[in-house]
Every structure is written in C-alpha cells, then in structure tokens.
Visitor: 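Structure incoming, see below.
Positions are given from 1, in the same order as the sequence printed here.
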Amino acid sequence: MFERFSSGYYLGRLYVTPGESETAAISRAQHERVNEQLYADGEGVERLDRPLVMKVDERHFPVTGADDVPEDTLAVPPSVLEDTRVRNPPALTEVLLAKADRARQLLTMTGGGVAADDLADGPGGPAI
C-alpha cells in the first residue's frame, strides 16, 4: 500500500473522497495494518490506533480508522479537501504518509492536529 519515498515519508495511492467526519479516515483494518507495519517498533504491546499523519498536496492531517470507509480510500473532511488539488472525487491520488518519527513530531508540534500550512515542514521548507 505504501513504499519508501524519502527520509520522512512513505508514498501510496488512495482514492481520496469527501468524508462526513471532522477527521480524515481510512478503513479500520488498513489503519491497524499500517500502524503495525510502519509505526510499530516490535517491542511489547503496541497501540494500533495511533493517528497516522498523511499529506495530500501541501496539506497534512491526522488520519484515524473507521468501519464505514472502504479499503484503499481516504475520506477527508470537505474543508480539508477544498485546500487540495483533488478534483471530481473520488480520485486516485498520491498520498504521503509521514514515517513514525515525523508523524510524532507533527502531532506534538500541533497538539494532535496538523495546521493547514503544515508549519512549512520546518525552516528549510518541505522535508520530502
């Protein structure tokens, strides 16, 4: 589903569609698999419900798991979707998934949510 892209991100392709929630979501089963495969360190009991951090165009946002979202689909709040170049959803779109350290950094800096301008990814611009 995702492959290595850079030091801070994995790259994948998902159908991006407007969601009905204020939080972006993928299917709960995929969310748990991604958490286990890409975020877990293999030591002890690990949470599989941590929010993932994804990026579409220039917009980062936390992503949770939901039972009503189909596999390979990213349901995004309409207000977030408006800030992207996704037209005529659902649209197969390249999506960046922040690696565990980068996701932790983004979530910590924003108190659990990620700002619309994404903090410019640090002083040197995007980290990809």
Visitor: Taking side chain as C-beta onward, heavy atoms only, is Q30 less than 4.5 Å from D72?
Guide: yes

Visitor: Are side-chain heavy atoms of V16 and P89 found at a separation under 4.5 Å?
Guide: no

Visitor: Starting at CG of D67, measure out to OG of S27 and round the result to the nearest 0.5 Å.
Guide: 9.0 Å

Visitor: Return the set of residues passing side chain to side chain contact (heavy atoms under 4.5 Å, CB included) with T17 (not counting sequence neighbours), or none when no residue passes.
Guide: T73, A75, P90

Visitor: Determine, using the 4.5 Å side-chain heavy-atom cutoff (strictly less than), whether L38 and V56 are members of one ILVMFWY cluster.
Guide: yes

Visitor: How long is the span from the NE2 atom in H60 to the CG atom in L96, to the nearest 0.5 Å?
Guide: 7.5 Å

Visitor: Run the side chain to side chain contact (heavy atoms under 4.5 Å, CB included) test against R4 and tell me which residues pass, sequence neighbours left out.
Guide: Y10, K99

Visitor: Would you please name every residue forming a salt bridge (charged side-chain N to carboxylate O under 4.0 Å, His left out) with E71, sequence neighbours left out?
Guide: R33

Visitor: For residues 87-97, pull every pair meeting side chain to side chain donor-acceptor pair (under 3.5 Å), keeping only residues two or more places apart or in separate chains.
Guide: none

Visitor: Take L52 and I26 through the test side-chain contact (heavy atoms from CB on, under 4.5 Å) and record every step on the way to the result.
Guide: CA-CA 10 Å; L52 307 172; I26 60 175; 3.8 Å; yes

Visitor: Closer than 3.5 angstrom, by distance alone: can the side chain of T108 be matched with the main-chain N or O of Q105 as a donor-acceptor pair?
Guide: no

Visitor: Can you name the salt bridge (charged side-chain N to carboxylate O under 4.0 Å, His left out) partners of D57, sequence neighbours left out?
Guide: R85

Visitor: Taking only residues two or more places apart in sequence, or in another chain, which ones meet D101 in a salt bridge (charged side-chain N to carboxylate O under 4.0 Å, His left out)?
Guide: R104

Visitor: Distance-only, no hydrogens or angles: does the H31 side chain make a donor-acceptor pair with backbone N or O of P51 under 3.5 Å?
Guide: no

Visitor: Shared ILVMFWY cluster between V63 and L14, side chains joined below 4.5 angstrom?
Guide: yes

Visitor: Using the rule given for side-chain contact (heavy atoms from CB on, under 4.5 Å), can you reason through L74 versus M54, listing the C-alpha separation, both sets of side-chain angles and the distance that settles it, and then say yes or no?
Guide: CA-CA 10 Å; L74 173 61; M54 292 190 184; 4.1 Å; yes

Visitor: Between V53 and L97, does a side-chain contact (heavy atoms from CB on, under 4.5 Å) hold up when you go through it step by step?
Guide: CA-CA 6 Å; V53 175; L97 169 66; 5.9 Å; no

Visitor: Could you walk me through whether V76 and F61 pass side-chain contact (heavy atoms from CB on, under 4.5 Å), step by step?
Guide: CA-CA 9 Å; V76 180; F61 41 85; 4.2 Å; yes

Visitor: What pair of heavy atoms forms the shortest contact from A25 to A66, and how long is it?
Guide: CB-CB, 3.9 Å

